[in-house]
Amino acid sequence: MGMKGRTQVASQRILLPVSFFRRPADVVARELIGALVVSSVRGTRTAGRIVEAEAYLGHRDPASHGYRNRRHAQNEGLYGPAGNWYVYLSYGVHWCANLVAGRTPNEGAVLLRAVEPLEGLPAMRRRRGGVADRLLAAGPGRLSQALGITRSLDQWPMHEAVVQVYRGDPLAPPVATSRIGITRAVDWPLRFVEGGTRWASRPR
DNA sequence: GCGCCGATTGGCT
DNA sequence: GCCAATCGGCGCC
């Protein structure tokens, strides 16, 4: 394969199919590490590699918004099909973006916690108020702000949405740890971080 | 109706 | 390390 062929292969972007998400949330979370998130919110293109994601196990996970199938207006997205976005407002302040996983309603979801900024850095810096680049998208609220994600993305099928996720591989194997910022099921190893990344968030 | 809490973050002591 | 911001859901009268 010549130089041109290589470039074409490298730039080929394969949208993750719905079947990718029709698996347990912990599997989806692990395999999302290295995938590419591309946002075209309001015509501005920003993109990054997923370096941190957390699985939530739906109705059986005490830390999930859908624990015990408690259902209300804001968590309706958890009952939608795999591959849909589920976006919720955290602490009344920050948007947090998830992708629905599994084969049955409220089986699970994956919270995107950090991306390595790759494209559209000026837009990300503007949206994030000029913070240090390392903090552009290191944390679920920061990630959403950097990519322009708000409630308007909630419940959209990812493959039709203004924010899409493409195939990609991690630079180093994902490492599993406890989830961050929760008070229940704190020891479940459902957070996945790309080994050695400098772009992930950290517990306080 | 009221108070508390949360899958967060930024600012200040 | 501590706390406010700011909203929606919940438990509790």
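Just so we're on the same page: letters track the sequence lines, and every chain starts at 1. Keep in mind that this is a model prediction, so the values were computed, not measured. Every heavy atom of this structure was used, including side-chain atoms; hydrogens, water molecules and symmetry mates were not.
For the pair A:Arg202 CZ and C:dG1 P, the computed distance is 12 Å after rounding to whole Å. Rounded to an integer number of Å, the gap from CG of A:Leu143 to P of B:dT9 is 9 Å. Between A:Arg204 atom CZ and C:dC3 atom P there is a gap of 14 Å when expressed in whole angstrom units. One interatomic measurement links the two molecules: CD1 of A:Ile149 to C1' of B:dA7, which rounds to 15 Å at whole-angstrom precision. Atoms CG (A:Asp187) and P (B:dA7) sit 15 Å apart, rounded to a whole Å. Rounded to whole Å, the distance from CH2 on A:Trp95 to C1' on B:dA7 is 15 Å. For the pair A:Glu52 CD and B:dA7 P, the interatomic distance rounds to 16 Å; values are reported in whole Å.
Considering only side-chain N and O atoms, A:Ser90 lies nowhere under 4.0 angstrom from the phosphate OP1 or OP2 of B:dT9.
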Under 3.5 Å donor-acceptor pairs involving side-chain atoms of residues 89-100 of chain A, not counting sequence neighbours:
residue: A:Asn98; atom: ND2; partner: A:Tyr86; partner atom: O; Å: 3.2

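Both A:Arg142 and A:Gly181 lie close to DNA chain B; mapped to their nearest nucleotides by heavy-atom distance, the more 5′-ward contact belongs to A:Gly181. Where A:His94 and A:Arg151 each meet DNA chain C at their nearest nucleotide, the meeting point lying more 5' is that of A:His94.
The stretch residues 101-139 of chain A does not touch DNA chain C, since none of its heavy atoms comes less than 4.0 Å from the strand. Of the residues in residues 60-89 of chain A, those placing a heavy atom less than 4.0 Å from an atom of DNA chain C are A:Arg70, A:His72, A:Ala73, A:Gln74, A:Leu89, in numerical order.
B:dA7 and C:dG1 have their C1' atoms separated by 22 Å, given to the nearest Å. For B:dG10 and C:dG8, the C1' atoms lie 22 Å apart once the distance is rounded to whole Å. For the P atom pair drawn from B:dC12 and C:dT6, the interatomic distance equals 15 Å after rounding to whole Å. B:dC5 sits 15 Å from C:dC3 when the C1' atoms are compared, rounded to a whole Å.
Distance check: A:Ile50 CD1 to A:Glu31 CD gives 12.0 Å after rounding to the nearest 0.5 Å.
For the pair A:Arg23 and A:Phe20, the cation sits on the ring face: its NZ or CZ lies under 6.0 Å from the ring centre, inside 45° of the axis. A cation-pi contact links A:Arg179 to A:Tyr56, judged by a cut-off of 6.0 Å to the six-membered ring centre and 45° from its axis.
Stem list for DNA chain B (at least 3 consecutive Watson-Crick or G-U pairs, distances under 3.5 Å): B:1-6 with C:7-12, B:8-12 with C:1-5.
With centres under 5.5 Å and a plane angle under 30°, the ring of A:Tyr56 is stacked against the base of B:dA7.
Under the side-chain contact (heavy atoms from CB on, under 4.5 Å) criterion, A:Pro105 pairs with A:Tyr79, sequence neighbours left out.
Residues A:His59 and A:Tyr67 keep their aromatic ring centres 6.0 Å or farther apart.
Counting only distance, with no hydrogens or angles, the side chain of A:Arg184 and the backbone of A:Pro62 share a donor-acceptor pair below 3.5 Å. At least one donor-acceptor pair closer than 3.5 Å links the side chain of A:Glu194 to the backbone N or O of A:Leu171.
Contact record, A:Ile33 with A:Glu52: CD1-N, 3.7 Å, taken as the closest heavy-atom pair. The minimum heavy-atom distance between A:Leu153 and A:Ala161, with the atom names listed, is CD1-CB, 3.7 Å.
Sorted by first and then second residue, the pairs that involve residues 127-155 of chain A and meet salt bridge (Lys or Arg N to Asp or Glu O under 4.0 Å), not counting sequence neighbours, are A:Arg125-A:Asp133.
No hydrogens or angles considered: nothing links the side chains of A:Ser40 and A:Arg45 as a donor-acceptor pair under 3.5 Å.
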